[in-house]
Every structure is written in structure tokens, then in C-alpha cells.
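This is the structure I want to talk about, given as C-alpha cells.
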Amino acid sequence: MTNKEKMIGILGGGQLGMMLATAAKNLGFKTNIYSPDYLSPALNYSTDQTIAEFDDKKNLTKFAESVDYITIEFENIPSDTINFIAKSNKLFPPSDAIKISQDRLKEKNFCRENKIATNKYINVLKTGDLSDWNYGKKSVMKTRQLGYDGKGQKIISSKREAEEAFNKFGQVPCIMEEFIDFKLEASTISVRDTYGNTYTYPPAENFHKNHILDTSNVPASINMKTENALKDISTKMITNLDYIGVLAVEFFVLKDNTILVNEIAPRVHNSGHWTLDGSEVSQFEQHIRAISQLKILTPKLIYKTKMLNLIGDDINIWKNKNNSNNEKIYIYGKADIKKGRKMGHVNFLEDLE
Ligand code: AMP
């Protein structure tokens with residue numbers, strides 16, 4: 001069977017699905033995007049579309065039967081759906097890794113079990129659990145599930161504030177963790193294939209605005225020892241998760257170069273968009289290769305790259321500009337401009353010294 005006859009199913013229809021579908025097409029695959037929203041940007045880029053809710057077992061069955069491999073483009077797909085789809089044995093990354101990354105407590109426990117440093121934390125299931133925390137230092141309360149771009153997070157300076165935040169979050173399962181006065185934030189994009197090959201791209205240095213990723217710079221302003229340490233941790237995580245596909249790991253690097261894992265994402269990641277132009281092979285192509293049992297490639301860094309997210313109205317400045325040699329513009333084609341919504345990104349390229 002050639003790639004042309006094979007179909008990749010993607011759960012989710014956002015911009016990550018759009019860029020995965022494009023990479024799949026370039027490798028000769030057909031794609032079926034599964035999304036509950038008929039306005040999803042990825043739908044225009046796929047061969048087939050399934051518009052249905054994630055708990056629609058009839059459509060999930062039909063979708064799973066119609067494709068050769070299945071992957072996800074966002075991690076907050078209900079765990080019942082993940083379990084149902086996993087039965088097809090076509091799902092990559094593995095469901096266990098997806099479930100760990102859906103829950104901040106499981107992520108931190110995984111780090112602890114694998115001797116990977118993370119900040120101090122406790123599980124908060126009831127108000128009484130808040131008595132087990134030391135409020136001497138600034139902390140952060142986070143909902144264990146469904147938080148993103150700063151949603152479901154609150155900085156805490158006292159037990160009273162912790163109780164208020166826990167009530168505001170509706171007493172859903174949370175964690176309390178230390179606030180980290182980091183020197184910089186970095187992330188890695190790692191990929192592992194079914195042949196056991198693993199590759200980690202050079203780490204990106206990330207800057208956030210209003211809790212949303214604003215820019216990612218590669219190479220990061222870190223020394224070789226820190227770069228190697230970040231890559232070693234990512235390799236350990238992707239191997240110990242017995243993972244297939246792209247895994248993103250977000251880190252805090254402290255002033256003394258101590259490294260702490262903040263969180264992981266079991267998918268292609270916004271801080272890896274620079275790979276579309278700054279590397280010989282993008283994170284999207286690598287992910288499609290890995291999940292479809294092709295070998296991943298060992299790419300070279302070909303440009304210093306700064307990725308700038310176009311959030312909300314920012315898109316208006318860029319949408320009528322043409323790509324130039326050193327500015328590559330990506331417009332996601334979302335129906336409405338909304339405050340805080342990721343509408344596109346630009347990769348700024350600079351020759352390597
Ligand atoms: P997260 O959803 O955990 O990735 O958090 C989003 C952003 O909030 C991070 O990239 C950091 O900039 C900031 N942040 C999250 N947790 C902490 C923490 N414990 N200490 C300091 N900043 C944090």
C-alpha cells in the first residue's frame with residue numbers, strides 16, 4: 001500500500017490540525033479531520049471531514065474504521081473518547097501519555113517517579129487539603145485539567161486567597177505549586193518513531209504576553225550544558241512514556257541554571273512552529289512520519305528563527321503582506337478575530353553565523 005492509499009485521522013480541527021493535514025498531504029497521505037465545529041480551520045485542508053461531537057460513538061466508530069492511523073491535535077479531548085479510539089490500535093501517541101498530559105497532577109507525579117525535577121506541589125481535592133501548604137512563599141493554584149493560556153490559574157499569597165481561588169474554580173481538583181522566579185522559559189520538541197529513533201530539536205526560548213505565547217526564539221540564550229540537559233530530560237520523558245510522535249516539554253530555567261519541567265503537551269506545539277522554516281524538516285512532518293511508521297529524519301537547524309504569534313487584531317497588520325525571503329507569514333483562516341485568539345504566526349529568519 002502506498003501513502004496515497006493511506007488515510008490519517010486527526011482528532012481536532014484547529015491550526016495544529018491544519019498544519020498536520022498539510023504535512024500529511026505533502027507526504028502523499030489523505031486525511032480525515034474530526035471536529036465538532038464546522039468552522040474549524042483544518043477542515044479546508046483535509047481530504048475528508050467528520051463533523052460530530054467527541055462523544056458520538058457512531059461517528060467515532062465510522063471515523064476509526066475509515067482511517068489507517070489516528071492522532072490528536074489538542075490534548076483536551078475527553079478521556080472517554082481517547083479510550084474508545086485507543087481500542088482501534090491506530091492511536092498515536094499512546095493513550096497513557098495523552099492521559100498523563102491531561103492532568104497536571106499526573107504530569108508532576110510522572111516527573112517525580114522518573115527522577116525529573118519539577119517544582120513543589122500538592123494535590124487539592126477539598127478545602128482541608130489547603131492546610132498542607134506552606135504560604136510563606138508566592139504560589140500558584142492551577143486546575144488539574146482543561147487549563148490553557150493562563151486559564152484556570154491563580155497566583156496565591158495566603159491561605160485565604162487559596163480558599164477563594166479554590167471556590168472560584170468550583171472546587172474542581174487542583175494543584176498548588178511553588179511560584180518560580182525563573183531566568184527564562186524554554187521548550188523542546190522531541191519526536192520518536194516506531195523504530196526507536198528519537199530526535200530533539202534545539203530548544204526554543206519562549207516569551208509570554210498575557211499568559212499567551214508571544215515569541216519563540218531559536219537558538220535559545222542558554223549555554224551548551226543547559227541545552228544538552230534540556231534535550232536529555234526530553235529524551236528521558238519521550239522514551240519512558242514509550243511514545244510515538246511529537247512531544248513538547250516546557251521548562252523553567254532558574255538563575256543558577258537549575259531546570260524544572262513545567263508541563264508537557266502530547267502533540268505538535270506552538271513553540272515548534274519555527275521548524276516550518278528554521279529547520280530542514282518541520283515538527284508537523286516529523287509527527288506524521290512517526291505515527292505512520294515512517295522513519296523520522298535528523299534535521300539541521302538552517303536559520304536562526306524568531307516565531308511571533310499573531311494574536312487577535314495583530315492579524316490585520318500582516319494579512320495583506322507577502323512572504324519575503326526572511327519573513328514567512330502563516331494565516332490560519334479563522335472565521336472571527338477574537339481577543340486572545342491565535343490567528344496566525346510569522347517566522348523571522350536570520351542566517352546562522
Ligand atoms: P502553564 O499553563 O502551566 O504552561 O502556564 C502558563 C504560563 O504561566 C507559563 O508559561 C509561565 O509563564 C507562567 N507560570 C505557570 N506556572 C508558573 C509558576 N509555577 N511559576 C511562575 N510562572 C508560572
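Counting starts at 1 for both ligands and their atoms, following the listed order. Side chains are part of it too, since the values below use all heavy atoms of this structure and drop only hydrogens, waters and symmetry mates. By convention here, the first residue in the shown sequence is residue 1.
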Practice problem: Within a distance under 4.0 Å of any heavy atom of Asn119, pick out the atoms of ligand 1 and give their elements. | Solution: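 Per the distance check, 19 (N).
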
Self-check item: Those atoms of ligand 1 less than 4.0 Å from some heavy atom in Glu250
Solution: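 Heavy-atom distances to Glu250 below 4.0 Å select 4 (O).
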
Quiz item: Does any donor atom in the side chain of Asn109 or Glu113 lie under 3.5 Å from an acceptor atom in the other side chain?
Solution: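 No - no donor-acceptor pair under 3.5 Å links their side chains.
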
Quiz item: Is atom CG of Asn325 surrounded by more than 12 heavy atoms (other residues, nucleotides or ligands) closer than 6.0 Å?
Solution: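 Open.
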
Quiz item: Of Glu107, Glu178, Glu177, which is the lone residue that meets salt bridge (Lys or Arg N to Asp or Glu O under 4.0 Å) with Lys142?
Solution: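 Only match with Lys142 under salt bridge (Lys or Arg N to Asp or Glu O under 4.0 Å): Glu177.
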
Practice problem: Output the list of atoms in ligand 1 that are nearer than 4.0 Å to some heavy atom of Phe182, sorted by atom number. | Solution: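 Reading through ligand 1 atom by atom, the close ones are 21 (C), 22 (N).
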
Exercise. Using a strict cut-off of less than 4.0 Å between a Lys/Arg side-chain nitrogen and an Asp/Glu carboxylate oxygen, indicate whether Asp181 and Lys255 qualify as a salt bridge.
Key: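 The answer is yes: the pair qualifies as a salt bridge.
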
Quiz item: Would Glu353 and Lys304 pass as an ion pair if we require N to O under 4.0 Å?
Solution: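 Yes, this pair counts.
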
Quiz item: So, is Phe179 polar-close to ligand 1, with some N/O to N/O distance under 3.5 Å?
Solution: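 It does not: no N or O of Phe179 is found under 3.5 Å from an N or O of ligand 1.
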
Quiz item: Would you say the side chains of Lys342 and Asn270 form a donor-acceptor pair under 3.5 Å?
Solution: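 Distance-only check passes for Lys342 and Asn270.
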
Quiz item: Atoms of ligand 1 less than 4.0 Å from Asn262 heavy atoms?
Solution: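 Atoms satisfying the 4.0 Å criterion: 1 (P), 3 (O), 4 (O).
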
Quiz item: What atoms of ligand 1 come closer than 4.0 angstrom to any heavy atom of Val140?
Solution: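 The atoms of ligand 1 under 4.0 Å from a heavy atom of Val140 are 18 (C), 19 (N).
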
Exercise. Would you kindly specify which portion of Glu185 sits under 4.0 Å from ligand 1, judged on non-hydrogen atoms: side chain, backbone, both or neither?
Key: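 Only the side chain of Glu185 comes within reach of ligand 1.
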
Quiz item: If hydrogens are left out, which of Glu263, Gln153, Lys142 has an atom nearest to atom 8 (O) of ligand 1, that is, the closest non-hydrogen atom?
Solution: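 Heavy atom nearest to atom 8 (O) of ligand 1 belongs to Gln153.
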
